[in-house]
Trainee: 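Mind looking over this structure? Questions follow.
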Amino acid sequence: MPKLPSPRMKLDSRDRAASGVDHDEALRASLLAWYAANKRDLPWRGAENSYAIWVSEIMLQQTRVAAVIDRYMAFMERFPTVTALAAAPEEEVLALWSGLGYYRRARMLHKAARLVAADYGGILPAASAELRKLPGIGAYTAAAIASIAHGEPVAVVDGNVERVLCRLAGWEEGEPALRRRVEERAARFLDPKHAGDFNQAMMEMGATLCAPRNPQCAICPLLAGCRTRGEHKTAPRAKMQSRAVGCALALRKRRGRRAGNDAEVLLEQRPAAQTVMPGLWELPILRSADVAAEDLRLRVRHAIMQVNYDVRVRAVGEREVKALTVAGGRRRWVPLEEAASLPLTGLARKILTRLRLLPAAQRSQPR
Ligand code: SF4
């Protein structure tokens with residue numbers, strides 16, 4: 001990174017301003033100009049449709065933008081309005097969510113859509129305080145929807161914004177009452193006349209320039225107001241665990257079919273009482289992850305939260321299934337052409353896609 005002016009040199013002028021209005025005004029203007037010139041072209045950008053913003057914000061929670069784009073397009077094509085979403089069966093909503101993970105988000109979104117259809121005439125409330133009464137909409141999502149769709153002057157504080165504000169102020173993790181100070185600072189820093197763009201600019205800046213590692217301080221629009229400029233403590237990376245797991249790929253000819261795609265695959269539905277991905281469909285799990293080379297159909301890596309799975313997929317004959325697998329939930333032989341529209345786990349979809357068992361048109365869009 002090019003050598004930057006010492007933070008202390010700039011602090012004198014900033015301290016004179018004593019966090020005053022003029023200083024923040026200049027930083028806001030710099031941030032908004034940077035955003036206007038550099039914002040990424042994303043399918044939900046420019047939408048003043050609060051439903052579209054809501055869907056995108058829920059999908060983006062704990063999920064990378066690149067992973068969301070295709071899913072968002074497919075979801076909005078199938079459910080273009082709150083009422084369309086409200087009218088759909090949950091299984092179909094989960095199928096469209098497949099691959100995004102954290103399925104509770106989809107369930108809450110669906111539940112909230114039904115409430116909006118029933119109690120609000122299908123129109124999402126405009127005010128952030130009203131939005132927060134809906135299931136799955138917390139302070140962050142309510143502020144994002146209300147500011148972007150309706151210009152309500154309420155600051156968004158997600159992980160990216162928190163990191164930017166802490167680095168600007170020189171605050172470190174673990175300091176007392178940090179969250180409250182961040183929220184107060186975010187509220188003061190917000191540009192009330194351009195709340196939607198300002199909030200998006202802060203989130204975009206945190207996601208692209210002020211990244212957790214190697215921040216791009218030299219081209220940062222907030223450089224003049226930053227106390228740390230890359231000289232901050234970096235949180236240690238969470239240690240990933242590794243785990244081997246075996247999956248059974250059982251295929252059989254579809255009974256009574258003479259033409260077309262006549263194969264079916266054995267899938268298992270995770271029990272409703274499971275805390276992780278309840279109700280989703282997956283390949284049966286093998287009792288042992290040791291799979292002989294001649295039985296191995298595929299080996300894939302799959303990360304779920306802090307675990308990196310080394311997944312070995314074994315071809316299993318119809319008669320061997322019971323002996324080789326652990327029965328966790330309800331099993332069903334599913335025609336391959338129907339499998340793509342079931343709510344599959346991300347791993348099941350990945351395996352069936354890699355093996356080219358999902359119909360081509362349905363590989364990228366879960367319908
Ligand atoms: S100057 Fe660097 S550390 Fe400070 S806000 Fe900008 S990118 Fe982040």
Side-chain angles (χ1 to χ4, degrees), residues 1-42 45 60-62 64-66 140 143-144 147-148 153-238:
M1 184 193 298
K3 188 148 178 55
L4 301 170
S6 145
R8 191 41 57 192
M9 280 163 52
K10 291 280 181 188
L11 276 184
D12 293 342
S13 58
R14 190 196 52 225
D15 287 348
R16 271 200 302 280
S19 70
V21 172
D22 291 346
H23 188 71
D24 276 0
E25 286 262 353
L27 291 178
R28 284 186 203 111
S30 171
L31 179 68
L32 285 169
W34 171 84
Y35 180 65
N38 295 286
K39 64 183 166 194
R40 291 171 290 180
D41 185 15
L42 300 172
R45 282 267 155 85
L60 285 164
Q61 287 169 14
Q62 295 157 301
R64 289 173 302 111
V65 165
Y140 160 77
S147 64
I148 298 169
V154 52
V156 158
V157 182
D158 68 351
N160 287 325
V161 172
E162 179 164 353
R163 184 171 58 254
V164 172
L165 291 173
C166 283
R167 287 175 177 177
L168 285 173
W171 296 331
E172 286 179 8
E173 234 175 84
E175 288 191 20
L178 184 61
R179 181 70 192 183
R180 183 177 51 74
R181 290 160 77 194
V182 166
E183 283 170 2
E184 286 170 4
R185 180 65 185 118
R188 286 200 311 278
F189 193 30
L190 177 75
D191 182 335
K193 292 194 197 108
H194 307 97
D197 276 354
F198 183 88
N199 280 333
Q200 291 182 89
M202 284 292 281
M203 292 190 278
E204 185 88 340
M205 225 281 284
T208 58
L209 295 187
C210 196
R213 283 174 177 73
N214 303 321
Q216 306 294 303
C217 303
I219 54 170
C220 174
L222 301 179
L223 177 70
C226 184
R227 280 179 191 257
T228 59
R229 301 176 176 194
E231 294 172 20
H232 45 260
K233 281 192 192 151
T234 303
R237 281 182 200 276

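Note: hydrogens, waters and symmetry copies are ignored here, and every other heavy atom, side chains too, is used. Counting starts at 1 for both ligands and their atoms, in listed order.
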Trainee: I'd like to check which ligand 1 atoms, numbered from 1 as shown, lie under 4.0 Å from a non-hydrogen atom of Gly230.
Mentor: 3 (S)
Trainee: How about Arg64: does its CZ atom have over 12 heavy atoms from other parts shown lying under 6.0 Å from it?
Mentor: no
Trainee: Do me a favour and list the nearest non-hydrogen protein atom to atom 6 (Fe) of ligand 1 with residue, atom name and distance?
Mentor: Cys220 SG, 2.4 Å
Trainee: Find the distance between CG (Asn38) and CE (Met205) and round it off to the nearest 0.5 Å.
Mentor: 11.5 Å
Trainee: Can you see whether His194 engages Asp197 through a side-chain donor-acceptor pair at a distance of less than 3.5 angstrom?
Mentor: no
Trainee: Quick test: of every protein heavy atom, which one is nearest to atom 8 (Fe) of ligand 1, and how far off is it to 0.1 Å?
Mentor: Cys210 SG, 2.4 Å
Trainee: Quick one: look up the protein heavy atom nearest atom 4 (Fe) of ligand 1 and list residue, atom name and how far away it is.
Mentor: Cys226 SG, 2.3 Å
Trainee: Among protein heavy atoms, which sits nearest to atom 2 (Fe) of ligand 1, and what does the distance come to when rounded to 0.1 Å?
Mentor: Cys217 SG, 2.3 Å
Trainee: Near Glu184 CD, under 6.0 Å, is it more than 12 heavy atoms from other residues, nucleotides or ligands?
Mentor: yes
Trainee: Heavy-atom distance under 4.5 Å between the side chains of Leu168 and Arg185, does that happen here?
Mentor: no
